[in-house]
Structures are given as C-alpha cells and as structure tokens.
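Throughout, a chain's letter reflects where its sequence line sits, starting with A, and its residues are numbered from 1. The figures here come from the full heavy-atom set of this structure, side chains too, leaving out hydrogens, waters and symmetry mates.
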Amino acid sequence: MLKRRIIPCLDIRDGRVVKGVHFGGLRDAGDPVAAARLYDEHGADEICLLDITATAEGRATFVDVVRHVADQIFCPLTVGGGVRRESDVARLLDAGADKVAINSGAVINPNLVEKVAARYGSQCIVVAVDVRRLPPRTAPEAAPAAPDAPVPAGFEDDDDPVYEVVIQGGTRSTGLDAVAWCKTAAQLGAGELLLTSMDRDGTKRGYDLPITRTISRAVPIPVIASGGVGSLEHLYEGLAPGGGEADAALAASIFHFGLYTIPEAKRYLAQRGIPVRPFGP
Amino acid sequence: MPRQVVLLDAGLGNLGSVERALSQVGAAVVRTSDPDTVAAARIVVFPGQGAFGEQTDAIVSGPLGSAIRAFIDKGGSFLGICLGMQLLFEGSDEAGGRPGLGLLQGRARRFPNDMVEPPPPGTDLPGRRLKIPHMGWNDVSPDGEHYYFVHSYYVDGADPEHVTWTCTYGDVTFPATVVRGNVVGCQFHPEKSQRAGLRFLRAFLLGGWK
C-alpha cells in the first residue's frame with residue numbers, strides 16, 4: 001500500500017538552514033547540502049527546501065543550494081519560497097527540483113498555478129497554504145482587541161473554527177477561507193498541498209489537527225501537514241485517522257537539532273500503526 | 001568499464017536526476033534528442049514525466065518514434081521510465097485519447113476518483129479517500145521493496161507474460177515493471193527511489209532483466 005511520507009524541511013536563508021518561531025526569530029541550523037544528504041541516507045521520503053530570504057542575492061544563492069542538494073540526493077526534492085512567476089518555476093525545476101511550491105504567488109495570481117500546471121504537469125506543482133485560526137466572532141471575550149483584519153463575510157459560523165489564508169510569510173491577511181482556497185488550488189491544477197499552520201509554526205505544540213483533517217478530507221489531492229512538530233507523537237497525530245489524516249508529515253527542528261532521526265521517527269510511526277516505508281539497508 | 005547509455009531527451013521533463021542516478025551506478029551517459037544517435041545506441045533510457053498530449057503524439061508519429069522502434073527491433077536494451085514506460089503501450093485515455101508506440105499490449109487509464117481506504121476496525125471514522133495522483137512510496141510485488149511513484153494513469157490490460165512486478169493502489173493492481181525481451185519499463189522513478197532505485201538501474205545496466 002501507499003505509505004505516508006516523512007519530509008524533513010530545510011528553511012534556507014543566505015545559503016544556510018535556519019529555523020524560526022511563528023515565521024520569525026531565526027537561528028542557524030547548518031549546512032543545507034550536508035543536512036539533505038544525511039536525510040537522504042537516512043531514508044527521508046522526500047526533502048523540502050524553502051527559501052525564506054527576500055533579497056535578489058538571497059534568491060540567487062537559493063538556486064545554487066537547490067542545485068547542490070539535487071546533486072547529492074536520490075529522493076524527491078520539493079522547493080519553494082518567493083515563487084511569483086513562471087520563470088521562477090522554470091529556474092527551480094532546472095536546478096533539479098522535482099516539485100515547486102507556490103505560496104503567496106498563487107494567491108496573488110491564481111492563473112500562475114493553472115499555467116505552470118498545464119506546462120509542467122500537476123505532479124510538479126505544490127500549492128503551499130499558510131493558515132491562521134480566526135477568533136470566534138460572537139464570543140466577545142475572545143474577540144481580538146485590535147484586529148488587524150476584520151472577519152470576512154461568510155465566516156460567521158462559530159461552531160467550527162474558521163481559518164484564513166495568510167501570505168508573505170504570515171504578514172498579510174487575505175480574507176480567503178482556508179478550505180475554499182485549498183479546493184480552488186486543487187481545481188487550478190495543484191498536484192499537492194503543503195498546509196502550514198502559522199499559529200503552530202516553530203512552537204513544538206503539534207500540528208493544527210482540525211484544519212489539517214478538514215482539508216485532507218476536502219481535497220482530492222495529497223496534503224502535507226506542516227507547522228508545530230516538537231515530538232514523534234505529533235507526527236503520529238498529523239497522519240492518524242481522526243487526527244490530521246494527512247498524506248505526509250513535514251518537520252524541521254526535531255530533525256535538524258538531532259532530537260530524533262528519520263529512522264527513529266519511522267520506527268515509532270510503524271509501532272503506532274501508521275503505514276510508513278521501513279528504513280533499512 | 002562504464003557502459004554507455006543514451007539518455008533520450010524528448011522534452012518530457014527534467015532529466016538531471018535520471019542522469020545522476022545512471023552515473024552513480026557506473027554508466028557513461030550521453031544525452032540526446034537526435035533519432036540517429038538513438039538508433040545507433042546499445043542502451044537507451046527514456047524517462048518521461050507529465051502527460052500524454054500533443055508532445056507525445058509528435059514523438060510517436062515522428063522520427064524519434066521510428067528510431068525507438070528501430071532500436072528495439074535490432075535488440076538494443078531499452079528502459080522506459082514512468083511516462084516513458086506508458087508510451088511503450090498502445091495508448092492512453094489521457095487528453096481525449098492519445099496513441100502510444102504500440103510495442104506492448106495495454107493502455108493507460110486514470111485511477112478511479114472514488115477509491116476509499118476502509119477506516120481502522122472498531123472506529124466510527126469515515127473511510128479515507130485515496131488521492132490522485134498516486135504519489136509517494138509504494139511496495140511492489142513480489143520484489144517487496146518500496147519505490148517512488150507519481151502518476152494519475154496506470155497501464156491496464158497488459159499481457160501478464162510481460163508484467164514482472166505489480167503495485168496496488170486502492171482497488172487497482174497495475175504493472176510496476178514490464179519486461180518483453182530487451183524492453184523494460186518501470187512505472188516508478190528509480191532515480192528518486194534511493195537505494196532500491198539505484199539497485200534497479202544497476203540490474204538493468206547489467207542486463208539482469210533479460
């Protein structure tokens with residue numbers, strides 16, 4: 001049967017692996033090529049590189065990192081960050097990426113997803129979606145004191161938590177409902193979704209399970225859970241029936257800082273009944 | 001002594017990783033899109049990603065298609081990967097129905113949309129919808145190893161004599177590898193399948209598939 005995937009993710013800034021909390025407060029976690037190579041040797045099911053620089057020099061450095069990493073590994077490589085134009089997709093695929101993740105660029109210009117999916121195939125287009133949970137609208141005590149974004153129309157239902165899509169590293173609200181946008185992204189031709197909870201990113205409190213599960217059930221394409229993993233239990237929750245029900249679990253710091261290895265994660269998940277590809281010689 | 005492998009660049013996706021994987025297992029790789037180079041080769045690898053469409057029509061009915069047929073007829077070792085394997089068959093339902101090279105019996109069909117994996121026993125959870133594309137690592141039988149797959153179409157109606165390994169996704173069991181004489185096809189991506197994939201490519205190069 002098809003196995004759930006474990007995907008170590010490397011956030012890259014100026015050619016180095018960094019890891020932040022809530023998309024900020026970065027600390028250095030090492031050389032990306034060495035890290036990617038180790039993960040590949042350890043049986044990572046896929047490797048993800050995200051460019052979190054915003055400068056032209058940073059972008060150029062990132063393409064070099066992609067090229068060097070692609071040169072060293074024999075598993076799928078997903079890359080993203082700052083992809084706005086078709087030429088960005090072309091450059092990253094050319095550098096050796098198997099899949100390119102488009103985040104803000106897809107929200108700003110949904111036509112980009114359609115175009116690149118038609119040109120390169122859905123299998124190499126991932127739409128990355130950053131979401132944040134909105135406070136319940138009718139609970140006054142829970143209402144934000146100074147909301148920087150009003151609750152958009154159609155978000156009145158307080159029985160279920162409502163999530164909106166944020167872009168540009170979580171700095172901008174879009175007013176887009178997370179579930180609706182994910183469905184649209186699939187229709188536009190995304191081959192996969194990378195769903196990150198901004199509330200959980202870097203917190204080590206685990207994935208945001210309700211939204212992960214809701215979206216996993218709502219779309220016909222695979223979903224990668226992301227944001228918040230601090231333990232192996234969290235990986236389990238993200239993939240488990242009744243948990244996140246995701247097709248793949250992405251994590252960064254638990255692997256980078258040596259807390260756990262990929263083989264340890266897989267053994268743990270297998271013991272908990274999650275179908276994973278065993279690691280072995 | 002390194003074996004020279006002609007890597008056929010027909011514009012069906014990125015060849016870098018296939019080239020690296022072949023080099024890793026000792027091949028001397030020559031990339032080409034020239035039909036004469038294909039016809040003159042001893043070993044040809046034909047990777048493909050994406051979909052049947054106008055581009056594959058042009059290959060099938062053009063000089064590259066003729067060169068592939070001639071190469072196979074003269075007994076050269078041929079490996080088709082993913083779309084490159086599907087193109088060996090009669091055609092695909094994709095894009096309104098498209099022809100293949102017709103070297104093997106069978107046709108590419110889309111996975112059904114409504115496949116469901118039953119929930120764990122003793123729970124009241126809904127069954128899990130199986131996603132398309134079939135993307136990720138799946139085990140093949142009887143080999144038992146896991147390989148990396150990415151595809152929405154699978155080969156249906158192949159001659160069982162040609163099917164060496166199978167893979168199962170939902171209700172569908174489909175050919176993971178096919179072999180007919182000197183012609184080998186794999187639905188998975190050996191270049192993305194770590195050690196198992198490199199082993200597969202090495203076996204192909206050494207002629208372990210004949």
Which one of [options] has the most heavy-atom pairs closer than 4.5 Å to chain B?
options	value
A/Leu93, A/Asp94, A/Asp71	A/Asp71
A/Leu77, A/Val219, A/Val276, A/Val223	A/Val219
A/Gly43, A/Ala70, A/Cys124	A/Ala70

- Message: I'd like to know if A/Asp247 and B/Arg128 make a salt bridge, using a cut-off of under 4.0 Å between side-chain N and carboxylate O.
- Response: yes

- Task: Run the salt-bridge test on A/Arg4 and B/Glu117 with the 4.0 Å N-O cut-off and return the result as yes or no.
- Result: yes

- Query: Under the 3.5 angstrom rule, does the side chain of A/Asp40 hit a backbone N or O of B/Gln194 as a donor-acceptor pair?
  - Reply: no

- Message: For the CZ atom on A/Arg37, are there more than 12 heavy atoms of other groups (residues, nucleotides or ligands in this structure) within a distance under 6.0 Å?
- Response: no

- Message: With a 6.0 Å cut-off (strictly less than), is the heavy-atom count around CZ of B/Arg42, excluding the residue itself, greater than 12?
- Response: no

Check whether any side-chain heavy atom of [X] sits under 4.5 Å from a side-chain heavy atom of [Y], and report yes or no.
X	Y	result
B/Gln49	A/Tyr120	no
A/Glu192	B/Pro133	no
B/Tyr148	A/Pro76	yes

Where do [X] and [Y] come nearest, in terms of heavy atoms and distance?
X	Y	value
A/Leu2	B/Trp137	CD1-O, 3.6 Å
A/Pro220	B/Arg129	CB-NH1, 3.8 Å
A/Ile221	B/Ile132	CG2-O, 3.6 Å
B/Lys131	A/Ser216	NZ-O, 3.1 Å

Is it the backbone or the side chain of [X] that comes under 4.5 Å from a heavy atom of chain A, or both, or neither?
X	result
B/Leu12	neither
B/Glu191	backbone
B/Ala21	both

- Between B/Lys192 and A/Glu46, does a side chain to side chain contact (heavy atoms under 4.5 Å, CB included) hold up when you go through it step by step? CA-CA 9 Å; B/Lys192 293 285 155 195; A/Glu46 189 167 325; over 6 Å; no

[X] versus chain B, heavy atoms under 4.5 Å apart: side chain, backbone, both or neither?
X	value
A/Arg277	both
A/Asp98	side chain
A/Glu41	backbone
A/Ala186	neither

- Note on the structure: chain A shares the most heavy-atom pairs under 4.5 Å, among B/Gly13, B/Gly50, B/Gly16, with B/Gly50

- Query: Between B/Leu130, B/Val140, B/Asp139, B/Val150, which residue shows the highest count of heavy-atom pairs closer than 4.5 Å to chain A?
  - Reply: B/Asp139

Measure the [atom1]-[atom2] distance between [X] and [Y] for me, rounded to the nearest 0.5 Å.
X	Y	atom1	atom2	result
A/Gln123	B/Cys82	CD	SG	7.5 Å
A/Arg217	B/Leu125	CZ	CG	6.5 Å
A/Lys3	B/Asn138	NZ	CG	5.5 Å

